[in-house]
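Both ligands and their constituent atoms are indexed starting at 1 by order of listing. Predicted, not measured: the structure shown is a model, and the values here were computed from it.
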Amino acid sequence: MRILGIESSCDETAAAVVEDGSKILSSVVASQLAHGKYGGVVPELASREHLRAIVPVVRLAMQQAQAGFDDLSAVAVTQGPGLVGSLLVGMTFAKSICFARGLPLIGVNHIEGHIHAVALETPGAVEYPALALVVSGGHTHLFEVREGCSYRLLGKTRDDAAGEAYDKVAKLLGFGYPGGPIVDQLALHGNPKAVKFTLARMKGNAVDFSFSGLKTAVLRWVEQENMRGEIEARRKMQAPSKEDWLRATPQRTLDLLASFQYTVIEELLRRAAVSAEEIGARSFIISGGVASNSGLRAAAAARFNCPVYLPGRGLSTDNAAMIAAAAFPKLRSGDFDDFGLKASANLTLA
Ligand code: KG4
Ligand code: ZN
């Protein structure tokens, strides 16, 4: 059974063909570069870029899979959460294919897609109950996952998502957007214990997260250190390589980045460890863009008693193979949507 997945919830236009829920026949991701100079995603720009990219991206995914529309069993599309103008492009395109070809339509929650990304590499391996940490530019959520795709929300961020904290700190320091990958690489060259940031203390649900205090602490540190010159110099750099960034970043800033990253990872994994204990987790899934983080990957593998599943790097960030994977159980149980399916910016999973 082959599913064409379509994902357009934020600033990636993606299409993929996945066979039987785990075999990736193709996965095409077009990342929008237009947002870089604004230091974040501009919603109106994003929908226009999706409009430009959607036809070539889907065509390429079909070509690479060597499939025609008649070879498909269904079309799966991200229903939400995300930017509504961006979601609408994928949704309308998916509906059009289904209408023209008489194919079933399956709406998928983007967060559920992230959780299913691990099924693409290790089908059938996850044991339940599982703990899932979905950590991206838009989400920092902990779920209990039970067999049969049932989810219970355990904790979530009360302010910024972890990826958003990376992006904002990177922007403040004059690095480009998205900030996560470059901060991750530069943090490897710094001392994670150099700057002592305190972890957020949560009233009420102890496994909720908060990153705004950390972000403010970084801002205070930057003000104290009088870093304006080096930040301005970095802002002016044109298409820098990792080596260029390294040359333009003194040791005190590398130490700051390493300390920031260390604190984010502690914030994530301490609360995940409490939740894992509470639900008796037999597997721990970490997914979403921040799951590509090298520090998080290393720390998680060393710290948990149960097996830890992290999607390969290309499958942690937004892609359409995860959307097709999440749709597979729905296809098997005949759980289809009609053309009244609506894109929903605030769709929740549990
Ligand atoms: O899942 P994703 O592609 O899109 C959303 O659903 O948000 O995640 C993108 C986020 C961005 O905030 C980006 O800075 C962050 O993931 N990210 C990382 C890394 N790679 C991407 N954060 C930390 N370390 C990384 N290596
Ligand atoms: Zn995502």
Aromatic ring pairing H114/H110, orientation class (parallel under 30°, perpendicular over 60°, tilted between):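 H114 and H110: perpendicular rings.
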
From [X] atom [atom1] to [Y] atom [atom2], the distance as rounded to the nearest 0.5 Å:
X: H139; Y: I111; atom1: NE2; atom2: CD1; result: 4.0 Å
X: S73; Y: R332; atom1: OG; atom2: CZ; result: 12.5 Å
X: I115; Y: M322; atom1: CD1; atom2: CE; result: 10.5 Å

Going by the atom numbers of ligand 1, which of them fall below 4.0 Å from some non-hydrogen atom of [X]?
X: T317; value: 3 (O)
X: G138; value: 7 (O)
X: H110; value: 6 (O)
X: G137; value: 5 (C), 7 (O), 8 (O), 9 (C), 10 (C), 12 (O)

Taking distance alone, with N or O pairs closer than 3.5 Å, would you say [X] contacts ligand 1?
X: G163; result: yes
X: P178; result: no
X: N293; result: yes
X: S294; result: no
X: D184; result: yes

Residue-ligand contact [X]/ligand 1, heavy atom below 4.0 Å:
X: H114; value: yes
X: Q185; value: no
X: C10; value: no

Modelled atom types, side-chain donor and acceptor of E127 and S283, under 3.5 Å: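 No.
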
Side-chain donor-acceptor contact under 3.5 Å, T13 with H50: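 Yes - a donor-acceptor pair under 3.5 Å links their side chains.
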
Please determine whether a side-chain nitrogen of the Lys or Arg among [X] and [Y] lies less than 4.0 Å from a carboxylate oxygen of the Asp or Glu.
X: K171; Y: E164; value: no
X: R220; Y: E225; value: no
X: R228; Y: E223; value: no

Contact check: H114 to the Zn ion (ligand 2), N/O/S below 2.8 Å: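 Here the distance criterion (N, O or S atom, under 2.8 Å) is met by H114, so yes.
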
N, O or S from H110 under 2.8 Å to the Zn ion (ligand 2):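 Yes - counting backbone and side chain alike, H110 has an N, O or S atom under 2.8 Å.
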
The one among V169, V183, D318, V264 that brings a heavy atom closest to atom 5 (C) of ligand 1: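 When every heavy atom of V169, V183, D318, V264 is considered, D318 comes closest to atom 5 (C) of ligand 1.
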
For the student: nearest non-hydrogen atoms of L142 and V207, plus distance: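 For L142 versus V207, the nearest heavy atoms are CD1-O, 4.1 Å.
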
ring-ring contact (aromatic ring centres under 6.0 Å, His included), paired with F284, selected from F304, Y128, F143: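 Passing option: F304.
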
Part of V290 within contact of ligand 1 (heavy atoms, under 4.0 Å):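 Near ligand 1, V290 shows its backbone as well as its side chain.
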
Atom of D318 closest to the Zn ion (ligand 2), considering N, O or S atoms: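 This turns out to be OD1.
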
